[in-house]
Amino acid sequence: MKIFYIITFSVITFTLISCSTGGKSTKESRQEKTTVTKKPETPVFNADSAYSYVDKQVAFGPRVPDTKPHSECAEYLTNELKRFGADVIVQDAPVTAYNGKTLNAKNIIGQYNPEKNNRVLLFAHWDSRPFADHDPDPAKRNTPILGANDGASGVGILLEIARQINKAGINIGVDIIFFDAEDYGTPDHLNLPYKPDTWCLGTQYWCRHPHKENYTARWGILLDMVGAPNAVFYKELYSKQYAPELLDRVWNTAADLGYLSFFSFEDGGQIIDDHVYVNKLMNIPSIDIIQHEPMSDTNFNEYWHTHKDDMSNIDRTTLKAVGQTVLQVLYSEN
Ligand code: AHN
Ligand code: ZN
C-alpha cells in the first residue's frame with residue numbers, strides 16, 4: 001500500500017515536472033539549457049590513475065629537501081600539473097629547520113582560472129620525512145622514509161583531480177598546492193628540547209609570502225595520509241574550530257556517496273598540520289582530511305614514520321573514497 005502510494009506520487013511529480021518544462025517558452029528553455037551545460041558534472045575519480053601517481057613519486061625515493069630524488073620529483077610534479085592544464089608557479093622557499101639548517105624547499109602551485117576571485121584551495125605536502133623516528137628498529141631511525149601514505153597519497157589524489165579538472169573544465173578558480181618541508185619537524189627519537197613551529201615549513205613560508213599579493217580563497221582542503229587500507233577519517237578538531245561548515249559539508253558528501261566506513265562523524269584530536277597555518281595566518285577556513293588513530297600509541301597509522309610506509313600501505317579503495325568526495329564538493333561549488 002505504502003509502496004503503491006510512493007510510486008503513484010513519483011509518477012504524478014514526474015508528470016508535473018515534465019509539464020512545467022514543456023510549458024516554457026523556447027527562449028526560456030534555451031536559457032535553462034545554457035546554464036545547465038555551463039556547469040560541468042562531477043567527473044568520475046579514477047583510483048588506478050591516482051595510485052600510479054603515488055607509485056611514481058615513491059619510485060624517486062625519499063623526497064627530502066636538497067637531495068636528488070627531491071629535485072627529480074619536483075620536476076615531475078611541475079610537469080604533471082602543466083600537462084593537466086594548470087598555470088604553474090614553483091616557489092623557492094628557503095626555510096630554517098629545527099636544527100638550524102637552511103632547507104631549499106619548493107612549493108609547487110597549480111592554478112586553474114587564475115584571473116577569478118572566486119577560488120578554492122586544495123593542498124597536500126609532497127616531501128617525505130628525513131628520519132624514520134618511529135621505526136621499530138632503532139638502527140633505522142636516522143634514515144629517510146618513502147612516505148607512500150605520508151605525503152605521496154595526498155599529492156596522488158590531487159594530481160588525479162587536476163587531470164579531471166582539465167578534462168571537464170571548471171567555473172571557479174582552483175589552486176592546487178603541493179607544500180614542501182611539512183615533515184621536517186623535530187625528531188621524536190633524539191629527546192631534543194621542544195621548539196614550536198618546526199613542522200609545515202613550506203606552508204609557513206607561503207603564508208608569509210603568498211604567490212599572489214592579497215591571495216585568498218573561500219576555503220581550503222588539506223589531504224594528509226589519505227591512502228592506507230581501511231583508513232578512518234575523524235573530524236579533526238582544528239578543522240572543526242576554524243571551518244565547521246566546510247567540515248560538515250565534506251563529511252555529509254562522503255556519507256551521500258556511500259563512504260561512511262571511511263568518514264567517521266566522531267571527533268578526532270587536534271593535529272598540527274599545514275591547515276593550521278593556512279587558517280591562522282591566511283584566514284582561509286581550511287580542514288584536514290587525515291587518518292588519525294586515537295587508540296594507537298602514536299595517534300596515527302601503525303606504519304607512520306616507519307620504513308613500512310611504502311606502496312603496501314596504499315589502497316585504491318581509500319584513494320577513491322577521498323578523491324571522489326573532494327571532487328563532488330569541488331563541483332558543487334559555484
Ligand atoms: C605532528 O606530529 C605534530 N603533526 C603531524 C603532522 C604530520 C606529520 N602529517 C604527516 N606527518
Ligand atoms: Zn609525517
Side-chain angles (χ1 to χ4, degrees), residues 54 57-58 61-65 69-70 73 95 97-98 103 105 107 122-135 140-158 177-204 207 220-228 231-239 241-242 268-280 286-294 296-310 313-314 318 322:
V54 179
Q57 294 168 75
V58 169
R63 281 89 57 220
V64 173
H70 182 268
C73 187
V95 293
Y98 70 96
L103 309 175
N107 295 322
L122 305 174
F123 53 118
H125 77 91
W126 74 274
D127 62 307
S128 63
R129 187 137 175 90
F131 10 77
D133 47 347
H134 286 274
D135 201 277
K140 292 185 180 156
R141 290 186 188 151
N142 283 319
T143 48
I145 66 166
L146 286 172
N149 191 37
D150 191 356
S153 66
V155 171
I157 288 177
L158 293 184
I177 307 190
F178 302 143
F179 287 116
D180 202 353
E182 186 276 341
D183 234 343
Y184 221 109
T186 312
D188 274 336
H189 65 307
L190 300 177
N191 289 318
L192 297 170
Y194 172 78
K195 212 176 162 211
D197 303 319
T198 64
W199 302 83
C200 313
L201 300 177
T203 301
Q204 294 187 56
C207 291
I221 298 178
L222 166 61
L223 303 183
D224 192 6
M225 304 193 272
V226 282
V232 178
F233 307 109
Y234 294 96
K235 291 185 164 181
E236 189 277 326
L237 292 182
Y238 286 117
S239 309
Q241 179 187 339
Y242 287 103
Q270 279 188 324
I271 300 169
I272 303 269
D273 208 344
D274 294 313
H275 69 311
V276 172
Y277 298 94
V278 175
N279 276 306
K280 286 191 182 172
S286 299
I287 66 161
D288 191 5
I289 303 180
I290 183 167
Q291 184 190 3
H292 170 234
E293 306 219 325
S296 84
D297 287 350
T298 62
N299 274 328
F300 295 110
N301 174 295
E302 61 172 316
Y303 301 135
W304 183 66
H305 294 178
T306 75
H307 289 293
K308 279 200 167 166
D309 187 4
D310 57 17
N313 200 20
I314 298 295
T318 310
V322 174

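In this chain, residues are counted from 1 in sequence order. What you see is a predicted model, and the numbers here were worked out from it, not measured in a lab. Both counts, for ligands and for their atoms, begin at 1 and track the order of listing. FYI, side chains are in, hydrogens and waters are out, and symmetry mates aren't considered; it's all heavy atoms of this structure.
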Side-chain donor-acceptor contact under 3.5 Å, Y277 with D197: yes
Side chains of I145 and H307 in contact at under 4.5 Å (non-hydrogen atoms): yes
Top protein contact for atom 10 (C) of ligand 1, by heavy-atom distance: D150 OD1, 3.0 Å
Closest protein heavy atom to atom 8 (C) of ligand 1, given as residue, atom name and distance to 0.1 Å: D183 OD1, 3.2 Å
R63 (side chain) donor-acceptor with D180 (main chain) under 3.5 angstrom: no
Min N/O separation E182 to ligand 1 under 3.5 Å: yes
Short side-chain to backbone donor-acceptor contact, N107 and G202, under 3.5 Å: yes
For the Zn ion (ligand 2), every protein N/O/S atom that sits closer than 2.8 Å, waters excluded: D150 OD2, D183 OD1, D183 OD2, H305 NE2
Backbone or side-chain N or O of W199 under 3.5 Å from ligand 1 N or O: no
Nearest protein heavy atom with distance in Å, relative to atom 9 (N) of ligand 1: D224 OD2, 2.7 Å
N142: side chain to side chain contact (heavy atoms under 4.5 Å, CB included) partners, not counting sequence neighbours: H189
Ligand 1 atoms in contact with M225 (distance to a heavy atom under 4.0 Å): 9 (N), 10 (C)
Polar side-chain atom of D127 near backbone of D183 as donor-acceptor pair, under 3.5 Å: yes
Side-chain donor-acceptor contact under 3.5 Å, D274 with H125: no
Check: H275/D273 side-chain N/O donor and acceptor closer than 3.5 Å: no
Side-chain (D133) to main-chain (D188) donor-acceptor, under 3.5 angstrom: yes
Heavy atom of the protein closest to atom 5 (C) of ligand 1 (residue, atom name, distance): I272 O, 3.7 Å
